[in-house]
**Student:** 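Here you go, one structure.
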Amino acid sequence: MVTDNSTGERFCARCGFVINERIDDNSGPERRAFSKEEHEDRARTGLPSSLAVHDMGLATMIGHDDRDSTGKPLSVSMKSTIKRLRKWDSRSQIHESQDKNFRQAFSELDRIKDKIALSNSVVEKTAYIYRKAVEKNLTKGRSISGMIAAAIYLACRETGTPRTLNDVACQINIKRKDVSRCYRLLLKELDLTMPVVDPIRCISRIANQVKLSEKVKRHAITILEDANKIEITAGKDPMGLAAAALYLSCVINNDVVTQKVIAKAAGVTEVTIRNRNKGLRELLDIKIPSKPNMANIAQI
DNA sequence: TAAGATAAGAGGGACAT
DNA sequence: ATGTCAGTCTTATCTTA
């Protein structure tokens, strides 16, 4: 059994069977303590600082009454020192609009992360990317939701978490093309290169959703591996490929699943499955038993 | 009812102007 | 910068088994 903190999935290391898609990341030290020993034991105190909090959880302001920590009035020289510090402290708030931006973006992020089961590492990565984007002034004139959506998608791609543009766009309630535009902008401006999504990773996600057998899943993976070898996968939607491979695998294994069901789980249309299906069959020269019969079942 | 076929349209990359 | 082209995917509709 392996836990993948980057995708938030727990699966069998040998066969890839996904047990549950969402796990809590408990790998960090405990934050609460119930006894004195525990209290002394715990490795950190307070909330962890996070990139996904607008001020990274480190809000400190200099107060306005001129007293020290014990409540005594400050000396005159200290008073003037504090006054100067206070001035700079407030000047640092010229980043207020940026701060507002982060606040809105990260509340959006927080709202979405549960909906599409994002792990903490994806959330942190998203926040990091978003901060970079703001730094580079990429958010000016663009919607915050669009940019945060793009950052989420980017973080998913980077961590190999199989989420589609549509997954993200739907939850944020924004058009797919807007997210994709922002996404490409981020790629370009932040000088990032993204490896193509491995369709094989998509298979477990779809198969899990449709509750397909391990045999079908493994067969679909071998189909995709073959397809990769003869290079017919370039430029195709990885989800579509994965869906088609799964469908093909179902047919071969006499598993009755409709294209519709798989298409829905994969987030592609039936037509796409059919097209990929056709390509896979032709180029891999896969023979389909025309009618399921006992001979076929016996063979398997 | 599921699967296949076909056509129109959208969005984006490559390339030329 | 703008237009065109080939290729992909989606939506919609019709036919076939």
Side-chain angles (χ1 to χ4, degrees), chain A residues 133 138 140-143 145-147 149-154 156-157 162-203 205-207 209-213 216 219-220 223-224 227-228 230-293 296-297:
Chain A
L138 301 179
K140 288 247 171 75
R142 296 188 179 81
S143 77
S145 4
M147 286 308 276
I152 290 172
Y153 180 63
L154 199 52
C156 286
R157 291 285 294 266
R163 300 288 179 276
T164 64
L165 261 179
N166 269 330
D167 288 339
V168 182
C170 287
Q171 294 304 328
I172 299 208
N173 215 357
I174 193 174
K175 287 204 194 75
R176 179 205 142 102
K177 66 172 180 181
D178 294 330
V179 182
S180 111
R181 248 199 278 274
C182 291
Y183 168 69
R184 273 190 301 277
L185 182 80
L186 287 182
L187 275 191
K188 204 168 126 221
E189 295 297 324
L190 301 181
D191 276 327
L192 299 168
T193 50
M194 228 14 87
V196 182
V197 178
D198 185 2
I200 293 170
R201 294 199 73 137
C202 301
I203 284 188
R205 182 163 172 235
I206 304 168
Q209 219 166 319
V210 189
K211 306 220 186 323
L212 295 172
S213 71
V216 168
H219 197 143
I223 291 173
L224 278 190
N228 258 331
I230 57 174
E231 294 174 348
I232 57 171
T233 54
K236 309 286 199 299
D237 178 5
M239 267 302 193
L241 274 169
L246 270 173
Y247 176 69
L248 200 49
S249 171
C250 284
V251 174
I252 293 169
N253 289 295
N254 283 320
D255 207 344
V256 191
V257 180
T258 64
Q259 295 177 352
K260 203 178 190 173
V261 175
I262 295 183
K264 202 175 167 205
V268 298
T269 62
E270 296 157 67
V271 180
T272 302
I273 291 187
R274 289 200 269 271
N275 291 338
R276 292 292 82 77
N277 195 14
K278 210 166 140 194
L280 285 176
R281 277 194 207 178
E282 280 167 8
L283 288 152
L284 296 174
D285 201 25
I286 294 173
K287 301 284 181 292
I288 305 298
S290 54
K291 280 203 181 91
N293 55 38
N296 278 327
I297 294 166

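First the proteins, then the strands, lettered A, B, ... as listed; each starts at 1. Keep in mind that what you see is a predicted model, and the values were worked out from it rather than measured.
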**Student:** Any salt bridge between R176(A) and D167(A), counting N to O under 4.0 Å?
**Tutor:**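 A salt bridge is absent here (no side-chain N lies under 4.0 Å from a carboxylate O).
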
**Student:** Just the rounded figure in Å: distance from C1' of dA10(B) to CG of N166(A).
**Tutor:**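 One finds 14 Å between C1' of dA10(B) and CG of N166(A), rounded.
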
**Student:** Which nucleotide in the set dG4(B), dC9(C), dA12(C) lies at the smallest distance from any side-chain heavy atom of D237(A)?
**Tutor:**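 Minimum distance to the D237(A) side chain belongs to dC9(C).
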
**Student:** In terms of side-chain heavy atoms of T258(A), which of dC9(C), dA3(B), dT10(C) is nearest?
**Tutor:** dA3(B)

**Student:** Please give, in whole Å, the distance from dC9(C) C1' to L241(A) CG?
**Tutor:** 12 Å

**Student:** Rounding to a whole Å, what distance do you find between K278(A):NZ and dA3(B):P?
**Tutor:** 16 Å

**Student:** Just to be sure I understand the rule, does R181(A) reach a base, reach only the sugar-phosphate, or reach nothing, if contact means heavy atoms closer than 4.0 Å?
**Tutor:** sugar-phosphate

**Student:** For N275(A) and dT10(C), what is the distance between atoms CG and P respectively, to the nearest whole Å?
**Tutor:**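 Taking CG of N275(A) and P of dT10(C), I get 10 Å after rounding.
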
**Student:** Under 4.0 Å between a side-chain N or O of S180(A) and OP1 or OP2 of dG12(B)?
**Tutor:**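 Yes, such a contact exists.
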
**Student:** Nearest of dT8(C), dG12(B), dA3(B) to any side-chain atom of K177(A)?
**Tutor:**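 Of the options given, the side chain of K177(A) lies nearest dG12(B).
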
**Student:** Starting from C1' on dA7(B), measure out to CZ on R274(A) and report it in whole angstrom.
**Tutor:**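 Those two atoms, CZ and C1', are 14 Å apart.
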
**Student:** Provide, to the nearest angstrom, the distance between the CZ atom belonging to R276(A) and the P atom belonging to dA5(B).
**Tutor:** 14 Å

**Student:** Which part of the nucleic acid does T269(A) contact within heavy-atom distance under 4.0 Å: base, sugar-phosphate only, or nothing?
**Tutor:**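 Base contact - T269(A) has a heavy atom under 4.0 Å of at least one base atom.
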
**Student:** Once you round it to whole Å, what is the distance between C1' of dG12(B) and NZ of K188(A)?
**Tutor:** 13 Å

**Student:** With rounding to the nearest 0.5 Å, note down the distance linking CD in Q171(A) to CZ in R163(A).
**Tutor:**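 That separation rounds to 11.0 Å.
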
**Student:** Whether K260(A) contacts dA3(B) is assessed here as follows: a side-chain N or O lying under 4.0 Å from the phosphate OP1 or OP2. Is that the case?
**Tutor:**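 The answer is no; no side-chain N or O of K260(A) sits under 4.0 Å from OP1 or OP2.
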
**Student:** Of the nucleotides dG12(B), dT10(C), dG4(B), which one has an atom closest to the side chain of R184(A)?
**Tutor:** dG12(B)

**Student:** Against K260(A), only a single residue in I262(A), V257(A), T258(A) fulfils side-chain contact (heavy atoms from CB on, under 4.5 Å); can you say which?
**Tutor:**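 Output: one option passes, namely T258(A).
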
**Student:** With a 4.0 Å cut-off on heavy atoms, is Y247(A) in touch with a base, just the backbone sugar-phosphate, or nothing at all?
**Tutor:** sugar-phosphate

**Student:** How many angstroms lie between CG in L248(A) and CD1 in I252(A), if you round to the nearest 0.5 Å?
**Tutor:** 4.5 Å

**Student:** Tell me: CZ of R176(A) to P of dA10(B), nearest whole Å?
**Tutor:**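 Distance, rounded to whole Å: 15 Å.
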
**Student:** For the side chain of T272(A), counting heavy atoms from C-beta on, which of dT10(C), dA3(B), dT8(C) is nearest?
**Tutor:**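 Looking only at side-chain atoms, T272(A) lies closest to dT10(C).
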
**Student:** To the closest 0.5 Å, what do you measure between CD (E270(A)) and CZ (R274(A))?
**Tutor:**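 The CZ atom of R274(A) is 5.5 Å from CD of E270(A), to the nearest 0.5 Å.
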
